[in-house]
Amino acid sequence: MILEKSFYEGRTESVAKRLLGTYLVHNSPGGTTVGRVVETEAYLFSGDPACHAHKGMTKRNRAMFGPSGTSYIYLIYGMYYCFNVVTAAEGVGEAVLIRALEPVEGIDLMIERRGGRPDLKNLCSGPGKLVMAMGMDARLDGQSLASKRLQLLSREAFAPRFATSKRPKVTTTTRIGINKGAELPLRFYLTGNEFVSRK
DNA sequence: AGCAAGATTAGC
DNA sequence: CTAATCTTGCTA
């Protein structure tokens, strides 16, 4: 099932944890790819200087102020894109960065898009890598995650083998690659998962 | 108008 | 460890 509005209710930190184990689906003209979310980071409007929305709305972060369940995609270092899920109500400005996926479907296509290296653990183990493997780009910025093109599905919807497991065990750490707000414990990943960007 | 920094990655 | 590469946002 596509995630409903109620899924995004609560603090963004909580939603960031809740997003672990959900499935991201991208239906592109080239084919469909699916990845299981295994690593996330929360970015808060208040008290978090690393958050793009921290100083208010700009041309780049406009999508962050959209309703929960909106995609926020931006260009980083002039050459990679990062994909976020807006997790707060419209006008608030908070999001969760998806940092790693476990490849589930369309793996051949992912390998092709990532330069042909058939290394599953290296396919989506980073925010830039997973956007590349999934075939996403800036055109998806601001789009709903309940659309034909792009969807976020519940844990139960995909792979029954995970449906029986209760709440997955989650490890909390500080976020990666930031200078401001680096001490905040806002990075979450499935404990022991092999597909995270970094342990 | 000019410039430094950035939620990264691949390659040496 | 560093280059690649470019947009944003701040300073002048």
Side-chain angles (χ1 to χ4, degrees), chain A residues 8 11-17 19-20 22 24 33 35 37-66 68 70-88 92-103 110-143 145 152 170-190 193-199:
Chain A
Y8 301 100
R11 294 177 312 144
T12 285
E13 306 92 296
S14 308
V15 182
K17 287 187 215 174
L19 280 167
L20 295 173
T22 61
L24 179 65
T33 43
V37 176
V38 299
E39 178 182 349
T40 60
E41 280 180 1
Y43 286 87
L44 313 179
F45 181 74
S46 293
D48 179 10
C51 179
H52 286 173
H54 186 60
K55 292 184 177 173
M57 195 186 297
T58 65
K59 191 172 185 177
R60 173 178 67 171
N61 69 23
R62 187 179 51 83
M64 262 184 112
F65 291 86
S68 61
T70 296
S71 131
Y72 166 47
I73 297 182
Y74 68 92
L75 181 66
I76 183 71
Y77 294 113
M79 62 194 92
Y80 300 106
Y81 288 98
C82 288
F83 166 66
N84 300 253
V85 176
V86 176
T87 50
V92 176
E94 301 201 339
V96 170
L97 171 69
I98 306 301
R99 280 198 61 92
L101 299 174
E102 173 181 343
M110 289 186 184
I111 292 172
E112 188 185 320
R113 286 169 172 156
R114 289 271 296 123
R117 291 177 298 280
D119 177 3
L120 282 196
K121 288 193 192 53
N122 196 37
L123 225 42
C124 301
S125 56
K129 296 180 189 178
L130 72 89
V131 166
M132 230 183 295
M134 294 291 288
M136 299 162 69
D137 61 48
R139 286 171 299 187
L140 297 174
D141 180 46
Q143 289 221 355
L145 292 172
L152 209 42
V170 173
T171 298
T172 302
T173 69
T174 53
R175 294 172 295 182
I176 295 178
I178 55 173
N179 296 303
K180 295 167 287 186
E183 71 290 345
L184 301 173
L186 295 174
R187 172 174 177 247
F188 312 99
Y189 62 88
L190 293 177
N193 189 279
E194 294 295 306
F195 299 91
V196 299
S197 65
R198 203 179 95 190
K199 314 246 173 110

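Every chain is numbered from 1 and lettered A, B, ... according to where its sequence line falls, protein lines coming before strand lines. In what follows, every heavy atom counts, from backbone to side chain, and hydrogens, waters and symmetry copies are set aside.
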inquiry  = Going by side-chain hydrogen bond (donor to acceptor under 3.5 Å, both in side chains), A/Arg187 matches just one of A/Thr40, A/Thr172, A/Thr173. Which one?
reply    = A/Thr173
message = I'd like to know if A/Arg60 and A/Asp141 make a salt bridge, using a cut-off of under 4.0 Å between side-chain N and carboxylate O.
response = no
inquiry  = Under 4.0 Å, counting only non-hydrogen atoms across every strand here, what does A/Leu97 touch: a base, just sugar-phosphate, or nothing?
reply    = base
task = Give A/Asn179 one of three labels, base, sugar-phosphate or nothing, depending on what nucleic acid heavy atoms sit under 4.0 Å from its own.
result = sugar-phosphate
query = When we call it a touch if two heavy atoms are under 4.0 Å apart, what does A/Arg114 touch: a base, just sugar-phosphate, or nothing?
reply = sugar-phosphate
request  = With a 4.0 angstrom cut-off to heavy atoms of chain A, pull out the first and last contacting nucleotide of DNA chain B, in 5'-to-3' order.
outcome  = B/dG6 to B/dA10
request  = Take A/Thr12 and A/Thr87 through the test side chain to side chain donor-acceptor pair (under 3.5 Å) and record every step on the way to the result.
outcome  = CA-CA 6 Å; A/Thr12 285; A/Thr87 50; 2.9 Å; yes
request  = Round to the nearest Å and state the distance from A/Met57 atom CE to C/dG9 atom P.
outcome  = 12 Å
inquiry  = I need the CG-P distance between A/Leu75 and C/dA4, as an integer number of Å.
reply    = 17 Å
task = Would you mind classifying the nucleic acid contact of A/Arg117 as base, sugar-phosphate or nothing, using non-hydrogen atoms under 4.0 angstrom?
result = sugar-phosphate
inquiry  = Could you tell me how far apart A/Tyr72 (OH) and C/dT8 (C1') are, to the nearest whole angstrom?
reply    = 10 Å
request  = Kindly say whether the aromatic ring centers of A/Tyr72 and A/Tyr74 come within a distance under 6.0 Å.
outcome  = yes
key: Separation of C/dC6 P from A/Tyr80 OH (nearest whole Å)   = 12 Å
inquiry  = Between A/Leu97 and A/Cys82, is there a side-chain heavy-atom distance shorter than 4.5 Å?
reply    = yes
request  = Scan every strand shown for a Watson-Crick or G-U wobble partner of C/dG9, both distances under 3.5 Å, and answer none if you come up empty.
outcome  = B/dC3
query = For DNA chain B, whose closest nucleotide is more 5', that of A/Lys180 or that of A/Ser197?
reply = A/Lys180
message = Can you measure A/Asp141 atom CG to C/dT8 atom P for me and round it to whole angstrom units?
response = 11 Å
ask   = Atom NZ of A/Lys59 and atom P of C/dC6: how far apart are they, to the nearest Å?
value = 16 Å
task = Please determine if A/Arg175 forms a cation-pi arrangement with A/Tyr43, meaning its NZ or CZ atom is less than 6.0 Å from the six-membered ring centre and no more than 45° off the ring axis.
result = yes
Heavy-atom check, side chain of A/Tyr81 versus side chain of A/Ile73, under 4.5 Å = yes
ask   = Just checking A/Met64: base, sugar-phosphate only, or nothing, at a heavy-atom cut-off of under 4.0 Å?
value = base
B/dA4 and C/dA3, which share atom name P, separated by this distance in whole Å = 15 Å
message = Is there a side-chain contact between A/Thr58 and the phosphate of C/dT8, meaning an N or O under 4.0 Å from OP1 or OP2?
response = no
